[in-house]
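Report on one structure; see the data block that follows.
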Amino acid sequence: MPELPEVETVRRGLERWAVGRTIAEVEVRGPRTVRRHAAGPDDFAARLRGRRIEAACRRGKYLWLALDDDGYLLAHLGMSGQFLAVAAESEDPKHLRARFRFRDDGPELRFVDQRTFGGLALDSGLDAGEGTIPAAVAHIALDPLDEAFDDGGFADRLRSRRTGIKRALLDQTLISGIGNIYADEALWRARMHYARGSDTLRRADVVALLAAVREVLLAAIGAGGTSFDALYVAVNGESGYFDRSLEVYGREGEPCSRCGAAIRREAFMNRSSYRCPRCQRVPKAPRW
DNA sequence: CCTAACTCCTGCATGC
DNA sequence: TGCATGCAGGAGTTAG
């Protein structure tokens, strides 16, 4: 599932394959993928025709392409969205949702999405202090790899919340880019249980947690992300290999690499959480 | 304002 | 074999 490392890998691919090119034609398959574009698929396609792509940007799990008319092509991959740069002659995949052709001889760009949680929209800019961003992204917190991320401010906000630590890590308005996989991996690295109350963390605990988050995100970016199946690949079609480095996620029953205890899978927030039962003990006052 | 449940969707694995 | 069920889950929306 695309989280920050996967989205960053895709962003780099868009930088390589889309930036500097001018759009000739856009084809949208069905209304769902552009459901966030209020004016509809035809307007979406018409406005993009002739636009030059100036930059590929990201905040958390949101991606956007800055256009030469000061607009933004905003994208979210959801659970299974992909951008693929491929020769126009190659066969259309089953879940093709949008196609971008350019005014050059290079490959076309396709947005493919099996589970349709992903989406595309055109948006206008908003001055957010740290620069202009698409208006629809304004409520998303900076991600922990952004140099403007405020560690102290995050600690304050986290500690003032009355929720569990994993819920907080998954809240994109508090810290962005973390999903189920990297939340579990970071909590394992920090030796914290997912149900620990966010208001029980001392500032030093938050420092350790942020360090663990950054370590795992950077390592995963270095591996090109995590590809469990064909649902996540880079823009050039390659899979990431961070799945080999996962310590707990998807490893139920396997020994913890630190202590040897069998990794446990538990239902939490209508999904699965993985943890080491010895390294990550249940807190005295868990907040499920 | 805060927190949490609900909802959208498709394909694959599992069980009877 | 076929059908029902469960599971994967990001984030906007709604409810309390």
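So you know, we letter chains A, B, ... as the sequences are listed, proteins then strands, and number each from 1. This is a predicted model, so every value here is computed, not measured.
By the 6.0 Å and 45° rule, A/Arg97 does not stack over the aromatic ring of A/Phe111.
Residue A/Arg265 is in sugar-phosphate contact alone, with no base atom involved, counting any heavy-atom pair closer than 4.0 Å across all strands shown.
Residues A/Arg115 and A/Ala136 each lie close to DNA chain C; by heavy-atom proximity, the contact nearer the 5' end of the strand is made by A/Arg115.
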Each base of DNA chain C marked ( ) or [ ] if paired in-strand (Watson-Crick or G-U under 3.5 Å), | if paired to another strand and . if unpaired gives .|||||||||||||||
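Between A/Tyr274 and A/Tyr194, the distance from one ring center to the other does not fall under 6.0 angstrom.
When distances run from any side-chain atom of A/Lys94 to the nucleotides C/dG12, C/dA8, B/dG11, the shortest one goes to B/dG11. Taking the side chain of A/Thr116 as heavy atoms from C-beta on, and the options B/dT10, B/dC8, C/dA8, the nearest nucleotide is B/dT10. Among the nucleotides B/dT10, B/dC9, C/dG12, the one closest to any side-chain atom of A/Gln114 is B/dT10. Side-chain proximity of A/Arg32 to C/dC7, B/dA4, B/dC8: nearest is B/dC8. Picking from C/dG10, B/dA5, B/dC9 the nucleotide with the shortest atom distance to the side chain of A/Asn180 gives C/dG10.
If you measure from atom OH of A/Tyr182 to atom P of C/dG10, you get 11 Å, rounded to the nearest angstrom. Distance CG (A/Asp171) to C1' (B/dC1): 14 Å, rounded to an integer number of Å.
Between A/Arg97 and the phosphate of B/dC9, there is no side-chain N or O to OP1/OP2 separation shorter than 4.0 Å.
The environment of CZ in A/Arg47 is sparse: at most 12 heavy-atom neighbours from other residues, nucleotides or ligands sit within 6.0 Å.
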